[in-house]
Student: 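Please read through the structure below; I'll follow up with questions.
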Amino acid sequence: MRISVIGCGYLGAVHAAGMAELGHDVVGIDVDPAKVAALARAEAPFHEPGLTELLRANRARLLFTTDIAAARDARVHFIAVGTPQSADSDAADTRYVDAAVEALLPYLRPGHLVVGKSTVPVGTAERLAVSVASTGARLAWNPEFLREGRAVADTITPDRLVYGVAEGDAVSVAALDEVYESIVARQTPRIVTDLATAQLVKSAANAFLATKISFINAMAEIAEAVGADVVQLADALGHDARIGRAFLGAGLGFGGGCLPKDIRAFRARAGELGVPDALGFLADVDSINLRRRTRVADVLEQELGPLIGRRIAVLGLAFKPDSDDVRDSPALAVAAMLRDRGGDVVATDPVAIPTARARDPFITYRSNTDDALRDADAVVIATEWAQFRALDPVATGQMVANRLVVDARNVLDVDAWRSAGWIVRGLGRAHALRVEDPRAVQHEPEGAAEREPDHV
Ligand code: NAD
């Protein structure tokens, strides 16, 4: 089948390559000439494991262009453009989706199917369906659940398919089944529903995941107040099959180009729909998340005093490992906050320095981790890249001026780091002690955890 994918960013580029991998002839269309040029050379324009290989392997079935007229020969058109937060409110800015569909209209014919993949406020699809129907084409919504860093596998072997179609629209369902033939054949769960539900599924999924992360981070705040250990709390909660351990990683919280803006947009949409109370809790989810960033700066000030002139190595800039995406990245936000508090911040990341520098050119970046660590008064683990998790505390300790590490992702082996002479501060781990350590169960006077180096 001939397919067009309009918008070739983190979602669309992988989707285009993935559809080619499934055997389709795909044209990827984007307004960004640099992105298109890279994709046309079969090079991933951003860091996504396996994407370059996928582009190369399917070169014969892939074309990338800035010319929307190239969509003319396709029968199914995926809309994968961005839906960022509006500049002046929490609502999603749907102008790119509107513009993409508008530009596509002259090339639509009866028998064509426009498929929304972008995450949109519920009601957007119904609005777009009217203009699409004026050409004789149909519109469906097929939300995307890929995870950056695992996007290739998530695209080719998704855990479920959701088709949102107009009532009784078996033609669109059949067309989507043809697109995803091999995925459907594997008995992948497939939910066929109405347009509103399909749009809501994505918003609801992100709201749930964000809430779960903020729940454990709220527990981290309580743990900090009483000297408990949120990591062990999460382990204990996670053994309950009804709760599960996934997304209970207390730390610096969520970021990226989806969760933060999607929960804000969802809440804003609920307000427009006259049910603001339904999603009022998402404001707390957002606040808890943002407070974790401030907590890192506060912990450093507890340990170091004023940060002015203190050298701080920030390890990690991407919003999560295996990605160069720094949109709303907690790590980049922390680096900027420490800089704004007077810290001499030196930040590093295996792949996200170019994207971070484009967003914040006023941070000092070093591509080599050792260069970032050298002479540091404190180290912050801001993104849980495998290479940071695997740092040797003894060797690392030889590079720094002061052995203080804030493990903002709670990924270090606290005992090993303490044995190497480090003060280790986690988030929600007031004492960073193990339960079997008798000190972990002692109640100390308020504030003692901050003053006493019992977590060294
Ligand atoms: P992105 O910013 O990386 O990509 C969007 C692309 O659309 C850009 O390359 C931009 O140049 C292009 N574009 C904008 N207007 C266009 C137009 N009129 N015609 C053609 N191209 C145009 O964003 P993204 O992360 O890929 O997200 C895209 C959508 O997918 C968003 O709605 C997002 O919420 C959703 N989504 C993203 C992910 C993810 O992990 N990134 C996962 C699921 C859903």
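Any value given below was found using the heavy atoms of this structure, including those in side chains, with hydrogens, waters and symmetry copies removed. Order of appearance sets the numbers: ligands from 1, and atoms from 1 within every ligand. Residues take their numbers from the sequence shown, with the count starting at 1.
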Student: Can you list every pair that meets salt bridge (Lys or Arg N to Asp or Glu O under 4.0 Å) and has a residue in residues 61-87, with sequence neighbours left out?
Tutor: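 Qualifying pairs: Arg75-Glu178.
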
Student: Can you tell me which residue among Arg341, Arg293, Arg291, Arg292 is in a salt bridge (charged side-chain N to carboxylate O under 4.0 Å, His left out) with Asp298?
Tutor: Arg341

Student: For atom 29 (C) of ligand 1, grab the closest protein heavy atom and report residue, atom and distance to one decimal in Å.
Tutor: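 So the nearest neighbour among protein heavy atoms is Val81 O, 3.2 Å.
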
Student: Could you tell me, atom by atom, which parts of ligand 1 come under 4.0 Å of a heavy atom of Ile6?
Tutor: 19 (N), 20 (C)

Student: Using a strict 4.0 Å cut-off to heavy atoms of Ala80, name the atoms of ligand 1 that fall inside it.
Tutor: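 Checking each atom against Ala80, I get 28 (C).
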
Student: So, does Ala103 sit close enough to ligand 1 that a heavy atom of it is under 4.0 Å from the ligand?
Tutor: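 The answer is no: ligand 1 sits nowhere under 4.0 Å from a heavy atom of Ala103.
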
Student: Hey, is CD on Glu181 packed in by over 12 heavy atoms from elsewhere, all under 6.0 Å?
Tutor: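 Not more than 12 within 6.0 Å, no.
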
Student: Take atom CZ of Phe208 as the centre, draw a 6.0 Å sphere, and report whether it contains more than 12 heavy atoms from other residues, nucleotides or ligands.
Tutor: no

Student: Do we see a donor-acceptor contact under 3.5 Å between the side chains of Tyr10 and Asp324?
Tutor: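 Checked: Tyr10/Asp324 side chains pair up, N/O donor to acceptor below 3.5 Å.
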
Student: So which protein heavy atom does atom 39 (C) of ligand 1 come closest to, and at what separation?
Tutor: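 The closest one turns out to be Glu148 OE2, 3.4 Å.
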
Student: May I ask you to identify the nearest protein heavy atom to atom 30 (O) of ligand 1, giving residue, atom name and distance to one decimal place in Å?
Tutor: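 In this structure, atom 30 (O) of ligand 1 has Leu11 CD1, 2.9 Å as its nearest protein heavy atom.
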
Student: Can you pull out the closest protein heavy atom to atom 17 (C) of ligand 1? Residue, atom name and distance to 0.1 Å, please.
Tutor: Val31 CG1, 3.6 Å

Student: So, does Arg147 sit close enough to ligand 1 that a heavy atom of it is under 4.0 Å from the ligand?
Tutor: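 Outside the 4.0 Å threshold, so no.
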
Student: Apply the side-chain contact (heavy atoms from CB on, under 4.5 Å) test between Tyr96 and each candidate in Val81, Ile79, Ile6; give the one that qualifies.
Tutor: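 Result: among Val81, Ile79, Ile6, Val81 is the only option passing the side-chain contact (heavy atoms from CB on, under 4.5 Å) with Tyr96.
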
Student: Does any N or O in the side chain of Arg295 come within less than 3.5 Å of the main-chain N or O of Leu427, such that one atom is a donor and the other an acceptor?
Tutor: no

Student: Show me the donor-acceptor pairs within less than 3.5 Å that the side chains of residues 162-173 make with the rest of the protein, sequence neighbours left out.
Tutor:
{"unit_1": "Tyr163", "atom_1": "OH", "unit_2": "Asp177", "atom_2": "OD1", "d": "2.8"}
{"unit_1": "Asp169", "atom_1": "OD1", "unit_2": "Arg138", "atom_2": "NH1", "d": "2.9"}
{"unit_1": "Asp169", "atom_1": "OD1", "unit_2": "Val171", "atom_2": "N", "d": "3.3"}
{"unit_1": "Asp169", "atom_1": "OD1", "unit_2": "Ser172", "atom_2": "N", "d": "3.0"}
{"unit_1": "Asp169", "atom_1": "OD1", "unit_2": "Ser172", "atom_2": "OG", "d": "3.2"}
{"unit_1": "Asp169", "atom_1": "OD2", "unit_2": "Ser172", "atom_2": "OG", "d": "2.4"}

Student: Which is it for Arg327 and ligand 1 at heavy atoms under 4.0 Å: side chain, backbone, both or neither?
Tutor: side chain

Student: Can you tell me the protein heavy atom closest to atom 3 (O) of ligand 1 and the distance?
Tutor: Tyr10 N, 3.1 Å

Student: Can you name the atoms of ligand 1, numbered from 1 with element, that are less than 4.0 Å from a heavy atom of Tyr96?
Tutor: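 Counting atoms of ligand 1 from 1, those under 4.0 Å from Tyr96 are 15 (N).
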
Student: For ligand 1, note which part of Val120 has a heavy atom under 4.0 Å away: side chain, backbone, both or neither.
Tutor: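 Neither part.
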
Student: Distance under 4.0 Å to a non-hydrogen atom of Thr83: what atoms of ligand 1 satisfy this?
Tutor: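 By the 4.0 Å cutoff, the relevant atoms are 31 (C), 32 (O), 34 (O).
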
Student: Salt-bridge test for Arg269 and Glu272: reply yes if a basic N is under 4.0 Å from a carboxylate O, no otherwise.
Tutor: yes

Student: Could you go through Ser4 and His77, starting from their C-alpha distance and side-chain angles, then the distance that decides it, and tell me whether this counts as side-chain hydrogen bond (donor to acceptor under 3.5 Å, both in side chains)?
Tutor: CA-CA 5 Å; Ser4 80; His77 309 272; 2.8 Å; yes

Student: For atom 11 (O) of ligand 1, which protein heavy atom lies nearest, and how many Å away is it?
Tutor: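 That would be Asp30 OD1, 2.6 Å.
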
Student: Taking OH in Tyr107 as the centre, count heavy atoms belonging to other residues, nucleotides or ligands within less than 6.0 Å. Is the count above 12?
Tutor: yes

Student: Pull out every atom of ligand 1 sitting under 4.0 Å from any heavy atom of Lys35, numbered as shown with elements.
Tutor: 8 (C), 9 (O)

Student: Only heavy atoms of Gly9, strictly under 4.0 Å: list the atoms of ligand 1 that pass.
Tutor: 1 (P), 3 (O), 4 (O), 6 (C), 9 (O), 26 (O)

Student: Considering only protein heavy atoms, which is closest to atom 34 (O) of ligand 1, and at what distance to one decimal place?
Tutor: Lys261 NZ, 2.6 Å

Student: Under 4.0 Å from ligand 1, counting heavy atoms only, is it the side chain of Cys258, its backbone, both or neither?
Tutor: side chain

Student: Which residue supplies the protein heavy atom nearest to atom 43 (C) of ligand 1, what is that atom called, and how far is it?
Tutor: Glu144 O, 3.3 Å

